[in-house]
Amino acid sequence: MPNKKNYTNGLPDPSELKEEILKKYPRKVAKKRAKAMVVNDPSEGQEIMANVRTIPGIITQRGCTYAGCKGVVLGPTRDIINITHGPIGCGFYSWLTRRNQTKPAEGEDNYMPYAFSTDMQDENIVFGGEQKLKTAIREAFEIFKPSAISIFSTCPVGLIGDDVHAVAREMKAELGINIFGFSCEGYRGVSQSAGHHIANNGIFKHVVGNTDRERTGKFQVNLMGEYNIGGDAFEIERIFEECGITLLSTYSGNSTVESFAYSHTADLNMVMCHRSINYIAEMMEEKYGVPWIKVNFIGAESTAKSLRKLADYFGDDELKAKVEEVIEREMVKVKKVAEEVKPKVEGKLAMMFVGGSRAHHYQDLFNELGIKTVSAGYEFAHRDDYEGREVIPNIKIDADTRNIEDLEVTKDEEHFRDDLVTKKTELEKEGYTFKDYQGMMPEMSKNALVVDDVNHWETEKLIDFYKPDIFCAGIKEKYVVQKYGVPLKQLHSYDYGGPYAAFGGAVNFYKEMERMLATNIWKLVDTPWKHEPEIVGSISIEA
Amino acid sequence: MPNKKNYTNGLPDPSELKEEILKKYPRKVAKKRAKAMVVNDPSEGQEIMANVRTIPGIITQRGCTYAGCKGVVLGPTRDIINITHGPIGCGFYSWLTRRNQTKPAEGEDNYMPYAFSTDMQDENIVFGGEQKLKTAIREAFEIFKPSAISIFSTCPVGLIGDDVHAVAREMKAELGINIFGFSCEGYRGVSQSAGHHIANNGIFKHVVGNTDRERTGKFQVNLMGEYNIGGDAFEIERIFEECGITLLSTYSGNSTVESFAYSHTADLNMVMCHRSINYIAEMMEEKYGVPWIKVNFIGAESTAKSLRKLADYFGDDELKAKVEEVIEREMVKVKKVAEEVKPKVEGKLAMMFVGGSRAHHYQDLFNELGIKTVSAGYEFAHRDDYEGREVIPNIKIDADTRNIEDLEVTKDEEHFRDDLVTKKTELEKEGYTFKDYQGMMPEMSKNALVVDDVNHWETEKLIDFYKPDIFCAGIKEKYVVQKYGVPLKQLHSYDYGGPYAAFGGAVNFYKEMERMLATNIWKLVDTPWKHEPEIVGSISIEA
Amino acid sequence: MILRHTTKEVKERSALTVNPAKTCQPIGAMYAALGVHGCLPHSHGSQGCCSYHRSTLTRHYKEPVMASTSSFTEGSSVFGGQANLLQAIDNIFGIYDPDIIAVHSTCLSETIGDDLGQIVGKAKDDGKIPEGKHVVQASTPSYVGSHVTGYANMVEAFIKYFSFNTNEKIRQVNLLSGWVEPSDMREIKRITEMMNIKSVLFPDTSDVLDTPMTGKYQMYPKGGTTVDEIVSMGNSMKTVAMGEWCSKKAAIMLDNKCKVPFSLTDIPIGLSATDRFVQALSTAGKVSIPDSISEERGRLVDVITDMHQYLYGKRVALWGDPDTLLPLVEFLVDIDMKPVYIVSGTPGKAFEKRMAEVLGEKVPEAKFKNGPQADMFLMHQWIKEEPVDLLIGNTYGKYISRDEGIPFVRMGFPILDRIGHSYFPTVGYSGAIRILEKMLGVLMDRQDATAPEESFELVM
Amino acid sequence: MILRHTTKEVKERSALTVNPAKTCQPIGAMYAALGVHGCLPHSHGSQGCCSYHRSTLTRHYKEPVMASTSSFTEGSSVFGGQANLLQAIDNIFGIYDPDIIAVHSTCLSETIGDDLGQIVGKAKDDGKIPEGKHVVQASTPSYVGSHVTGYANMVEAFIKYFSFNTNEKIRQVNLLSGWVEPSDMREIKRITEMMNIKSVLFPDTSDVLDTPMTGKYQMYPKGGTTVDEIVSMGNSMKTVAMGEWCSKKAAIMLDNKCKVPFSLTDIPIGLSATDRFVQALSTAGKVSIPDSISEERGRLVDVITDMHQYLYGKRVALWGDPDTLLPLVEFLVDIDMKPVYIVSGTPGKAFEKRMAEVLGEKVPEAKFKNGPQADMFLMHQWIKEEPVDLLIGNTYGKYISRDEGIPFVRMGFPILDRIGHSYFPTVGYSGAIRILEKMLGVLMDRQDATAPEESFELVM
């Protein structure tokens, strides 16, 4: 087990570490990886290379486009049958493995516990799979009578020329329910990120705006990029409800396509995970005039800040007062636990390499406990997620990105919310910022090492250099890191814990850190006889 | 595994087997055991030696007086705190191990799941345990507020001179509830049987007749010697209820001391297990004039017969009709299962060595399936249980029996039922028999080997000789017998199955015999390579 | 009801699979390759495949599972994956330094027609494979067979690549282990040692997927069949191949290539299959079966006879892989249980034939199906029609268990929510006692939980 | 509510024991004697004692348990049991032909003052003990200590009778096993073999109380420490004695009588106790601890770190024997569980002291008690006051488990309603994984059963 280091007086310059890491790589690999690793200086606008192909042979954390589209974005929506069109694997692996919780009312549809697949066989590859897909859709309709069906293409589908969109149109006409497809073959794009974009496009095209709905509350919002892992959305829903805010739709934790369909009637979109969902927010603003703001409900302080920003948007005094009341009440509980836990974990070191937003958001939670993040990075983010949205115009569009359709969105004259555009303009004048994601790097310490798409070799070296007290990543990394005697907290699945969002979530997270960081179990790793001298056998069986 | 034999043309003469068994014994032992083993001839009145001491060093099935008193008779009574006065073991071993089921109503007392003990320590042995016993009784009273407490003496108690009866009287006066003791030290008598007698005496002396009760039914009876193993009593209760018979009290399955106290108001006592309970039946007749008949609810035919005898006693036409109706309805269900099972088990051979009545009663159940009993015997019976009650006057009273008090019972003028005496006399004239237990031997086949207090060596030889298909005994014998590849059915605990009494019980037993006798699992015992030639190693590790 | 849309009316399906009882080939190839010492599995396809397989294996074992990927993008899919694989081989040997890279294909690379043999040949020609290092490759299209097929293909590929008959017979027996747990592999080795037979077990994931926590991560743990051992299998006296689906291909390869004759047995699950395995070992090793083996067997029979009443007549639904289901179902029949519903997504005609042999007379009411649409949804529908007393299968059964209130024993792959399978074997006689312990545990727990208070049993 | 009379108000008791967490000496003596090859235990008392002990042991093992009795009647109680024992010895050798009769006393024979040594001496003098046969005797009054005391006394008696120092040191280590299961005895031998240490394990009930079903009953099964081995213990280099209550007496006897020094360790349950045991073995055997041992340890630590979140902070109530409770409680503390209530009916001051050491800082809220009135009724009352998440103890805990709805792991003696303990060890590192598997199993089952549908977890 590594000896822990003390960085209370600032982080050491990791440039040598970076060199050492790169030394191992073949020249071309080293050149590329060098750009993906930045020794952070928050005072400068540094550039990082992100959203580029993973180098073949490198042991990466990343998954594929299908995973981003079906697994991440559409997976958490319960009232739609998601048929995976392809060989069985993809459907099997994305079957209930992401912990998106959902709470249907009695009698409401919930297809999430089911895996639907066309289970393509070699004859489907050879002769085409469209007929099988059609039959599968008909069978699904006949057995389950769902109100919507979507189709997710896996790798071979595009290659053999199956037109899932044509099939979807035909079946939609035949069966009279909403049916649409996604060309989310695994090889598209460079990571899950492409799948998010494809999913955003599909939902926006086929669902958003399908139904109107009477206003049901004074403050109608959508929450975007929140997937209800471990019940996060439930906790946020609770807070919203207590504040008197009407949550029309969440993209896509605890969600329904039914709610997506009328989500354009919201007054505001709040974006949590910028990476996976900003497309819909953008398109909704273009088409319906609904503005969006970046929020963060990870961390108690961040939650308070986001709630206040929300209240400020509506500018309603009653709402503001209610929000303050809720914050005050919740913070009492939060602080109580924080005070108990903080002395036990303060000064510990964390690293996190995960997702498109969590590696940033969770730093807030760690900060609240006095835990320092020494190195972090995203698995599938773009430069704007690191450097802030202001770099978007400067991002070079490469071939992989170009492969993902950019929907052309036009103003919906009937539904366009001119009132919100006016409101936005006024608020901006007062200094209120919309679409203002700053990115991770400006908020990290000087000399923190920022690494995009970290891989196994780099992980080893980072652990060796920093001797962190906790490492945050995913299931593939978990036991590798733990073999070093360093506890790993999964920030995809929360290690089957949570919720960690909002105030109740912060309390849970503090307690979880107490469990992970104040325990003595890691001291059991070394045998008591590790440092004893070897004894030469005496009373041995052979003797 | 033994090869099975076919005895369809009658049983072989086991005299040689008997000789072989005896040959192994030292002379004195052989002489004694010879008298305990009888080659049955139902046409003659044969004498068997029973209820004599087990020879030291012989591996016997028998337990002790405490087990008979506390474990068997008082154990199944729920509304009394049974305190074992002695070292911890006896209380521990008799804690819930006998499967006497009981069904208290909501809020009713049930102390059966508790083990109460004075847990005597060496200072109590040296200085006497009376004070500790008093304190224990006070503590039990204070914590549980029971309506009755009894005390069971274990071996050292009598020897050190603790007077549990005096303590009981003192505490009864102090606490104002019924408290009484039993001198049931393990060494008294030669088996559990002595404990039954002591228990009978104690209940009769301290409980029976304590309260009167208004008549609650037209036909009031007590069921005696039925301990509700595996719910037997529940099944009999069900039948009685359907027939319109009021069961005042059962001795002592699913019982309360409350019901013992008014049980003398019954019109008739029915005795199931003759051995363990005939004393109370006798005494109740002497004191209250309530007559008793022997019944047997093991076996569907026996149940029908017993019910008819009961109806005949009351001579009521409505009751007779009801009984016939119940029998007819139940026998349809019984016969259906019997017809299914019988072809699969017919002709199998059984042995049974257990109890004071089950080794006899269960032969009826086996007969109903065409299973022959080739050898049987009791664990703790007296000669009358083998040969019939007519031998009672001829039984020599030895020192061990003399040690057990014979209560002197006198007529209770106030409660004595002259009407029943008259009824009895009339019925007897018509040929109705009271107290008419015939015993086991007259009902067994010629050449069946009857063995009292069978022991381990004899068990081995019996199995070897008869190759039975099923052996009935208790837990200590179970796995010994099964190692021979012969399934053993426990007839104390029913192997945690049952009920086997009355009609529903017969159905259960038939099915159980199907499970045990029609299975192929015993064919798994021999390895498939048992008869293969030895191979000389070739690809061995050493090679 | 979590599975609220499952109803008992079974509608024939020909295209839609719902809640599959199988997954795809590559994960099996990855698992098999992990059973070779110093080997890094490589997935030639989109990086999602590799990520999914690693995640699933990691969740099952709670252990590091390393593998690399060709990280296909749209370009590679159009122009072929050769460049990606060549670059990957180069990077892998340079950065991760395995002794062997075991490449398996995916539906993507198979669909575009990548010829792995040719690409690996080119890598060799280009000098991208260092001296003494190896790249083994297996074609494992996801749209054929199942995860079991992928396992069999990778095992065969290793034999094809390495095993060699030098005409010097070695006094050893080859054991093709089938898809079992590391604990099972240990147990198979222990049994073979008890028989005093020298053997090579391949693959062997013990000491690979059950490694100790030592404070140090080792990318290539001490376990796994070594290259030398696999090479030597060509010189063995005999092969005992466990499981028709998992091991037959490799056994035939060894026979054809190296003239090592084989005997095909079931994976030794339960009494009868272990009997046959032990007898096959005895024949292959030309040794008598020692008493110590008969004693272990006798202990199993003892437990069976002791606990028969709790097992007798219990209706069981099972799902999983043919090679494990067949001996397991036979075991249940041996002990008078009633395996009434059995599904396996893995195709293969022998399944139906052998199940019919095992079940035909003893459990005529049994329904069993394998291949397309033989899924857990169908099985659940059968259960809705007439319930069972026990479920046996992988973790996905927990939804049925909870909805229907049916006791559940986890066996098979993947087990995502409990530990134990890595450490305690279910093969062999002792493993069968563990299966009994597990089944009895949940059945008796159910009895304890549902018995009326008056018939709550102390002794059972 | 089955235990409907148990309420949370604890009233101090000084005389009444309710639902004991112990039983009496003779059953321990019987169990210990069964661990000697060719030995028939003999109970010198009423025949009920022998019947109760045999029944309890039989229910726990589901195996034949043979023992004979002096079958006292009123006469013997008055005149002394000498005649009965002499007759018994004669009959036993004549009919059952054991190599050894191991006589233990009872409260009855102790109260009347029978001197077993004198009676056995007389039997010898009278020629009732055949040449080469032995009668060992131990005084085991039921009113002193508990079943554990009886075990210790019988173990000591064997050492006293047989072990002999002939001044020829044998290069072996004595292992005094403590009251553990046959499976545990096997495991202790396996660990010792892994350490490459020659040893004598005494007593050893493996192959005695876990015998195979073969179609033939053997009154004296192949297992058990042999007379020769026990004799040789007097010439060993060192004794490792497991458990202060079970084994210390015999260790001292060996030291005093034969000058074999001893090291006293806990029964190796859990991580730390196994560490100490292994180190004691290493010292005693003068061997280094091999990597294979460290690897087994590492696998245990791996499971602990993997599953910590499901164990952390869980409140546990335990009852049983000091020698098993102490290391088990230490193990729970090691893995961040909270053993809050602990009772043992077995007296001994060291219990309180050592529990305080283990629990003091880590679980200051813990309540623990042993000796008189430290019974399951008291523990249940504590639970009523503030509940726990888990129960660990013998079968009698099932009533509390059911009434209070608390998950329950069966460990200890007796286990009357489940199988497994005879076959799968809980000692050593691997045994500790089994303990973890069992605890996690019931805790996770509870989570699965009670989670709201929306938070029912697939992966855990």
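Note that the coordinates shown come from a computational prediction; the quantities given were computed from them, not determined experimentally. In the text below, chain A, chain B and the rest are named by the order of the sequence lines, each starting its count at 1.
For a residue to count as touching a neighbouring chain, one of its non-hydrogen atoms must lie under 4.5 Å from one of that chain's; by this rule C:F93 does not touch chain A. With a 4.5 Å cut-off on non-hydrogen atoms, A:Q490 does not touch chain C at all. With a 4.5 Å cut-off on non-hydrogen atoms, C:M1 does not touch chain A at all. Using a 4.5 Å cut-off between heavy atoms, A:R62 touches chain C through backbone and side chain atoms alike. Of the two parts of C:A83, neither the backbone nor the side chain holds a non-hydrogen atom closer than 4.5 Å to a non-hydrogen atom of chain A. Within the 4.5 angstrom heavy-atom criterion, atoms from both the backbone and the side chain of C:V18 approach chain A. The contact between C:P414 and chain A is made entirely by side chain atoms (from C-beta outward), counting heavy-atom distances below 4.5 Å. Of the atoms belonging to A:I137, not a single heavy atom falls under 4.5 Å from chain C. Looking at C:P141, neither its backbone nor its side chain comes within 4.5 Å of chain A, counting heavy atoms on both sides. The part of A:E106 that comes within reach of chain C is its backbone (N, CA, C, O), which places non-hydrogen atoms under 4.5 angstrom from that chain. Residue contact with chain A, scored on non-hydrogen atoms closer than 4.5 Å, involves the backbone and the side chain of C:T6 alike. Of the atoms belonging to C:S142, heavy atoms from both backbone and side chain fall under 4.5 Å from chain A.
Here A:T97 is the residue among A:T97, A:T60, A:T84 with the most heavy-atom pairs under 4.5 Å with chain C. The greatest number of non-hydrogen atom pairs below 4.5 Å with chain C, out of A:D400, A:V29, A:N110, is found for A:N110. No other option in C:R59, C:M219, C:Q373, C:Q25 has as many heavy-atom pairs under 4.5 Å with chain A as C:R59. When the candidates A:S117, A:C155, A:G186, A:A67 are compared by the number of heavy-atom contacts under 4.5 Å with chain C, A:S117 comes out ahead. Contact count versus chain A (heavy atoms, under 4.5 Å) is highest, among C:C50, C:G94, C:S55, for C:S55. Across A:G158, A:C90, A:C64, A:P56, the residue that shares the most heavy-atom pairs under 4.5 angstrom with chain C is A:P56. Chain C forms the most heavy-atom pairs under 4.5 Å with one residue out of A:I59, A:I475, A:T118, and that residue is A:I59. Highest contact tally toward chain C, considering only A:W457, A:Y496, A:W95, A:F116, is held by A:W95 [criterion: heavy-atom pairs under 4.5 Å]. The candidate with the highest count of non-hydrogen atom pairs below 4.5 Å against chain A, out of C:S146, C:P212, C:G145, is C:P212. Taking C:Q218, C:K11, C:E110, C:K62 one by one and counting their heavy-atom pairs under 4.5 Å with chain A, the maximum is reached by C:K62. Between chain A and the options C:T106, C:I95, C:V78, the largest number of non-hydrogen pairs under 4.5 Å is found for C:I95. Heavy-atom pairs under 4.5 Å with chain A peak, among C:G81, C:S68, C:P347, at C:S68.
None of A:V525, A:L524, A:I521 except one satisfies the side-chain contact (heavy atoms from CB on, under 4.5 Å) rule with C:M213; the exception is A:V525.
Closest of all the heavy-atom pairs between C:S71 and A:T54 is CB-O, 3.7 Å. Taking both residues in full, the closest heavy atoms of C:T111 and A:P156 are given as OG1-CB, 3.6 Å, listed atom of the first, atom of the second, then distance. Contact between A:P104 and C:R4 at its shortest, heavy atoms only, is CG-NH2, 3.5 Å. Scanning both residues, C:P64 and A:V480, for their nearest heavy atoms gives CB-CG2, 3.6 Å. Closest non-hydrogen pair, A:L159 versus C:S77, comes out as CD2-O, 3.8 Å. The two residues A:T135 and C:S14 come nearest to each other via the heavy atoms CG2-OG, 3.5 Å.
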Next item on the list: For A:Y93 and C:T23, run side-chain hydrogen bond (donor to acceptor under 3.5 Å, both in side chains): C-alpha distance rounded to whole Å, both residues' side-chain angles, the deciding distance at 0.1 Å, then the answer.
Entry: CA-CA 8 Å; A:Y93 302 116; C:T23 180; 3.0 Å; yes

Note to self: Test side-chain contact (heavy atoms from CB on, under 4.5 Å) on A:K476 and C:S51; report intermediate values, then the result.
What the structure shows: CA-CA 8 Å; A:K476 299 192 295 295; C:S51 176; 3.0 Å; yes

Note to self: What verdict does the side-chain contact (heavy atoms from CB on, under 4.5 Å) test give for C:T58 and A:K478, after you've listed the backbone C-alpha separation in whole Å, the side-chain angles of each residue and the deciding distance to 0.1 Å?
What the structure shows: CA-CA 9 Å; C:T58 301; A:K478 183 169 176 86; 5.7 Å; no

Note to self: Between C:Y143 and A:N124, is the side-chain contact (heavy atoms from CB on, under 4.5 Å) condition met? List the steps.
What the structure shows: CA-CA 9 Å; C:Y143 44 76; A:N124 309 129; over 6 Å; no

Notebook entry, point to check: Going through the checks in order, is the side-chain hydrogen bond (donor to acceptor under 3.5 Å, both in side chains) test met by A:K483 and C:T211?
Noted result: CA-CA 9 Å; A:K483 289 285 182 200; C:T211 64; 2.9 Å; yes

Item checked: Working for side-chain contact (heavy atoms from CB on, under 4.5 Å), residues C:H147 and A:F92 -> CA-CA 11 Å; C:H147 57 293; A:F92 178 83; over 6 Å; no

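With rounding to the nearest 0.5 angstrom, the CD1 atom of A:I55 is 6.5 Å from the CG atom of C:N91. Atoms CG and SG, from A:D119 and C:C24 in turn, are 10.0 Å apart once rounded to the nearest 0.5 Å. Of the inter-residue distances, the one linking C:R54 atom CZ with A:E477 atom CD reads 6.5 Å to the nearest 0.5 angstrom. Of the inter-residue distances, the one linking A:Y66 atom OH with C:Y52 atom OH reads 5.5 Å to the nearest 0.5 angstrom.
At distances below 3.5 Å, not a single donor-acceptor pair connects side-chain atoms of A:Y479 with backbone N or O atoms of C:Y61. In this structure, the side chain of A:E139 engages the main chain of C:L16 through a donor-acceptor pair within 3.5 Å.
For A:R188, the salt bridge (Lys or Arg N to Asp or Glu O under 4.0 Å) criterion is met by A:E185, C:E74, not counting sequence neighbours. Residues satisfying the salt bridge (Lys or Arg N to Asp or Glu O under 4.0 Å) test with A:D109, not counting sequence neighbours, are none.
For A:K28, the NZ atom sits in a loose shell: 12 or fewer heavy atoms of surrounding residues, nucleotides or ligands are nearer than 6.0 Å.
The aromatic ring centres of C:H380 and A:Y114 sit 6.0 Å or more apart.
C:Y96 places a side-chain heavy atom less than 4.5 Å from the side chain of A:I58. Annotation: side chain of A:L96 is in contact with side chain of C:Y399 (closest heavy-atom distance under 4.5 Å).
By a heavy-atom distance cut of under 4.5 Å, A:I125, A:K132 are the residues of residues 125-134 of chain A near chain C, going up by number. The contact list for residues 39-49 of chain C toward chain A, using heavy atoms and a distance under 4.5 Å, reads C:L40, C:H42, C:S46, C:Q47, C:G48 by residue number.
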